[in-house]
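Here the structure comes first, spelled out in structure tokens, and everything after it is commentary.
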There are 6 protein chains.
Amino acid sequence: MTDFSHINEQGRAKMVDISDKKVTSRTAIARSSIFVNKEIYSKIIDQTIGKGDVLSVAQVAGIMAAKQTSTIIPMCHPLPLSGVNIQFDWVQDKDTYELVITVEAKTKGSTGVEMEALTAASVTALTVYDMCKAVDKGMIIGQTYLVEKTGGKSGIYRREE
Amino acid sequence: MTDFSHINEQGRAKMVDISDKKVTSRTAIARSSIFVNKEIYSKIIDQTIGKGDVLSVAQVAGIMAAKQTSTIIPMCHPLPLSGVNIQFDWVQDKDTYELVITVEAKTKGSTGVEMEALTAASVTALTVYDMCKAVDKGMIIGQTYLVEKTGGKSGIYRREE
Amino acid sequence: MTDFSHINEQGRAKMVDISDKKVTSRTAIARSSIFVNKEIYSKIIDQTIGKGDVLSVAQVAGIMAAKQTSTIIPMCHPLPLSGVNIQFDWVQDKDTYELVITVEAKTKGSTGVEMEALTAASVTALTVYDMCKAVDKGMIIGQTYLVEKTGGKSGIYRREE
Amino acid sequence: MTDFSHINEQGRAKMVDISDKKVTSRTAIARSSIFVNKEIYSKIIDQTIGKGDVLSVAQVAGIMAAKQTSTIIPMCHPLPLSGVNIQFDWVQDKDTYELVITVEAKTKGSTGVEMEALTAASVTALTVYDMCKAVDKGMIIGQTYLVEKTGGKSGIYRREE
Amino acid sequence: MTDFSHINEQGRAKMVDISDKKVTSRTAIARSSIFVNKEIYSKIIDQTIGKGDVLSVAQVAGIMAAKQTSTIIPMCHPLPLSGVNIQFDWVQDKDTYELVITVEAKTKGSTGVEMEALTAASVTALTVYDMCKAVDKGMIIGQTYLVEKTGGKSGIYRREE
Amino acid sequence: MTDFSHINEQGRAKMVDISDKKVTSRTAIARSSIFVNKEIYSKIIDQTIGKGDVLSVAQVAGIMAAKQTSTIIPMCHPLPLSGVNIQFDWVQDKDTYELVITVEAKTKGSTGVEMEALTAASVTALTVYDMCKAVDKGMIIGQTYLVEKTGGKSGIYRREE
């Protein structure tokens with residue numbers, strides 16, 4: 001049975017020692033989403049044609065958050081993030097419009113980039129909420145989860161869907 | 001039809017001018033959650049009896065994130081946050097354990113604290129994920145949304161559930 | 001003769017006491033620019049038509065930097081920034097293309113927002129440099145200066161041009 | 001008997017609600033120190049005569065830390081710090097040289113500035129250590145404590161010495 | 001005689017070039033403490049039995065501060081911190097209760113982790129002060145110093161006690 | 001024709017993947033300046049003789065900003081900065097005094113340090129402006145540009161002057 005590795009001998013949290021873990025290429029893909037109504041959907045799409053748009057701002061926010069992950073998540077190790085890419089896809093189901101956010105993060109380091117990908121996904125969704133909340137406060141940020149990770153001793157993880 | 005207030009005359013994002021908005025007491029309640037398996041549930045509960053626990057760390061992370069909201073969310077105004085409180089509740093459904101996270105944020109300011117409450121809720125959930133991911137990477141962060149807000153010109157918002 | 005107000009009785013820097021200054025509406029307009037070659041100019045313009053663009057990212061960077069001014073500039077007071085707006089204008093002179101960056105910052109506070117506007121203008125220009133430097137490292141960030149300020153005891157300042 | 005106000009009804013930490021506390025002028029004076037050997041003392045003093053010096057850097061660090069207090073101390077409220085001043089005094093006792101660091105912080109806000117003054121004092125001492133540790137790692141940072149506070153409901157506190 | 005390595009040829013501070021220093025495993029142990037009265041001691045101990053406690057929050061604060069060291073201490077290099085562990089011990093002497101804070105920091109890097117360990121120790125103590133100051137503002141943060149360091153060219157340092 | 005490497009397949013910004021770039025020693029030299037009037041020039045020079053001075057504070061600000069570059073510039077990779085040095089030179093032309101700021105940044109990493117050097121140069125100039133603006137708001141920050149870079153696949157760049 002696996003123990004929580006974040007707990008020290010006094011039963012309190014610690015930042016786990018990763019000095020002996022190997023430096024390998026690591027990737028993680030995380031997903032979040034936000035459900036918006038038709039009015040917001042139309043506005044986001046229309047602005048996309050214009051010069052600036054909600055999604056550009058959200059994407060910048062997500063990338064910057066990925067870099068701040070170790071200052072936001074207490075027991076998370078600082079990582080030399082080597083790449084972040086955020087993709088948007090719309091899924092329509094009748095009157096509901098779901099903006100699916102997929103983040104891929106990469107590093108060459110001693111620990112995984114799952115938290116960086118997840119944090120970026122969450123912050124991207126939160127930023128969309130912030131920019132559209134004047135229209136409707138009822139938007140819901142959808143489930144947020146890890147899709148895949150590679151690299152490190154635990155190897156490949158791939159979510160069964 | 002409401003316009004996105006975050007867009008300037010060149011079609012790009014701006015931080016909206018709130019100089020003329022009144023300073024009033026404002027509150028916001030947001031909710032997120034995380035679904036964990038039985039093993040993680042037991043471990044979190046057991047540590048709670050000990051000196052330190054996953055939830056304490058997650059709660060500190062959430063409160064600190066609330067204070068960082070305007071540096072994480074690009075168009076969000078800096079706010080003199082006057083209080084943040086985070087509550088945890090467990091909902092069990094057969095083999096699934098959902099940790100429900102409820103955040104209440106307060107301020108006396110010129111703009112609402114919805115983003116502070118939502119950001120705190122997300123970061124609290126992300127921190128639980130981080131501290132338990134050695135046991136299971138399949139945890140899912142549940143829907144994240146605004147439950148209620150008070151104060152300001154738009155008045156009271158209460159989610160219909 | 002005016003003394004530097006940032007110097008204490010031991011001849012060292014201090015953060016000036018503004019407790020007794022009045023809370024008034026204050027604005028500041030600052031300007032910076034970046035000179036780019038034709039290739040970069042074309043690419044920036046073309047992407048503008050697409051979904052994402054250099055200028056959107058630069059603008060988000062400038063706005064976020066405005067909010068970080070008091071953590072970047074040592075003796076600068078924290079301010080409840082109430083609005084930031086960044087405008088872009090192109091000035092062409094033969095083969096040289098100058099992207100003029102104009103930032104307007106607003107607050108209701110006890111001290112001016114000049115540094116917020118200037119910092120945002122600089123960071124906007126630096127971000128354009130960062131995103132285009134793969135094409136040409138020879139870009140020059142132009143002069144950066146205060147155009148106008150209003151509010152506070154010293155009243156209105158307007159640059160003679 | 002006073003209760004810890006930072007604890008919520010679930011027995012966990014919260015950021016106390018200060019919405020109803022009055023906005024008053026508040027000050028706090030904190031003290032720390034660092035004990036250095038003669039060689040370090042001489043070098044600090046000599047550089048003081050030159051253009052740059054250990055104490056200038058330490059002072060800037062202290063002032064910047066005061067502004068970061070609410071991001072460093074988890075349950076600390078964000079404050080519009082209105083002034084910070086750091087003074088240095090040397091106390092010699094035979095071969096021991098104690099650099100006494102006194103920080104005065106001011107605000108007009110709903111809660112005290114004790115933590116800002118204490119944090120600035122600690123960071124000032126830590127910075128002196130950092131800049132001199134190549135000469136001697138045996139330096140000791142002396143006791144750090146609150147000397148005085150004014151303003152707020154609890155009124156004046158003055159340490160008996 | 002050793003020179004201060006933080007001073008450049010103009011007599012001003014610089015961040016020393018460590019490009020040529022070897023990447024080795026490095027550790028540092030630092031200590032701080034805080035003296036509290038019996039009432040605070042009892043309250044801290046009692047809460048420890050409950051779900052949340054002062055020490056959990058202080059520990060999270062210390063770990064997060066360790067990761068922020070290079071943004072707090074001006075001439076300190078950014079380091080890929082690989083582990084941080086904080087221990088608490090109580091020393092009672094009649095009516096005085098001293099909470100001894102011991103921090104161990106580790107890295108695999110080109111420079112030492114002394115400042116990370118010292119900064120974490122100070123911030124842990126400051127956080128205890130913050131959470132208990134409603135009960136007594138007279139608490140004193142005790143001496144803060146380096147206990148031991150290993151790794152790097154200068155080898156092992158161990159404080160004589 | 002070179003493409004902007006910061007743009008993903010959806011036409012939006014991304015943080016470029018540098019996992020496969022080699023870790024080499026890299027340096028960059030950037031320059032900025034600020035034009036001040038005679039009064040400010042005299043005051044800066046005179047304080048230099050005293051204990052603290054405008055330039056010390058500006059230099060600390062520049063060095064700290066270099067370390068924050070990847071949090072300020074959205075698509076910039078986090079870098080283990082190994083050294084930063086800032087030099088000041090005065091150029092007088094009749095009644096105009098130009099303070100020339102030259103920053104050298106070094107790293108051993110997978111990507112260049114141009115942005116760190118440029119950001120430090122800009123922030124150094126902005127800090128001088130901040131500390132002298134009580135005397136004259138008309139100061140102009142001069143052109144900011146890259147003077148030289150070494151290391152990495154693209155090799156040496158040297159500005160023709």
Side-chain angles (χ1 to χ4, degrees), chain A residues 23-29 44 47-72 77-90 99-110 113 116-117 120 123-124 127-128 150-151, chain F residues 2-28 64-84 105-120 122-123 151-154:
Chain A
V23 173
T24 62
S25 285
R26 293 157 189 271
T27 65
I29 298 176
I44 291 179
Q47 284 167 309
T48 301
I49 298 157
K51 274 181 282 183
D53 66 345
V54 170
L55 302 189
S56 286
V57 177
Q59 204 175 29
V60 174
I63 289 171
M64 293 181 89
K67 294 191 277 183
Q68 288 302 311
T69 302
S70 72
T71 71
I72 295 173
H77 293 84
L79 258 188
L81 209 54
S82 55
V84 184
N85 193 1
I86 301 179
Q87 303 261 353
F88 294 111
D89 295 285
W90 285 100
L99 175 68
V100 178
I101 299 159
T102 307
V103 180
E104 183 173 15
K106 293 187 180 183
T107 193
K108 236 178 174 166
S110 317
V113 280
E116 280 73 12
V123 169
T124 303
T127 302
V128 172
T150 70
Chain F
T2 328
D3 271 323
F4 283 149
S5 50
H6 286 299
I7 304 300
N8 75 3
E9 50 274 45
Q10 293 192 332
R12 285 202 191 78
K14 66 172 178 176
M15 199 170 97
V16 185
D17 183 13
I18 57 165
S19 305
D20 294 333
K21 291 177 77 174
K22 279 199 190 137
V23 172
T24 63
S25 284
R26 294 157 189 270
T27 65
M64 293 180 89
K67 293 191 279 185
Q68 290 301 312
T69 302
S70 71
T71 70
I72 297 173
I73 309 296
M75 301 302 145
C76 202
H77 292 84
L79 257 188
L81 209 55
S82 57
V84 184
K106 293 188 180 184
T107 194
K108 236 179 174 164
S110 317
T111 186
V113 281
E114 295 96 308
M115 293 317 300
E116 280 73 12
L118 284 162
T119 301
S122 287
V123 168
K153 211 177 66 183
S154 71

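Values below: all heavy atoms of this structure, side chains included; hydrogens, waters and symmetry mates excluded. As the structure is a computational prediction, the values presented were derived from the model and not from experiment. A note on names: the letters A, B, ... follow the listed sequences, proteins ahead of strands, and every chain is numbered from 1.
With hydrogens and angles left out, the side-chain atoms of A/Thr27 and A/Thr150 include a donor and acceptor closer than 3.5 Å. In this structure, a donor-acceptor pair under 3.5 Å is present between the side chains of A/Gln68 and A/Thr71.
Within the model, atoms CG of F/Leu118 and SG of F/Cys76 stand 10.0 Å from one another, a figure rounded to the nearest 0.5 Å.
Heavy atoms of F/Ile73 lying under 4.5 Å from chain A belong exclusively to its backbone. At a 4.5 Å heavy-atom cutoff, the contact between A/Leu81 and chain F is made by backbone and side-chain atoms alike. F/Ser110 does not touch chain A: none of its heavy atoms, backbone or side chain, sits under 4.5 Å away.
Your options are A/Ser82, A/Gly62, A/Gly83, and the one with the most heavy-atom pairs under 4.5 Å with chain F is A/Ser82.
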> Can you list the steps and then say if A/Lys108 with F/Asp17 is a salt bridge (charged side-chain N to carboxylate O under 4.0 Å, His left out)?
Replying inline: CA-CA 11 Å; A/Lys108 236 178 174 166; F/Asp17 183 13; over 6 Å; no
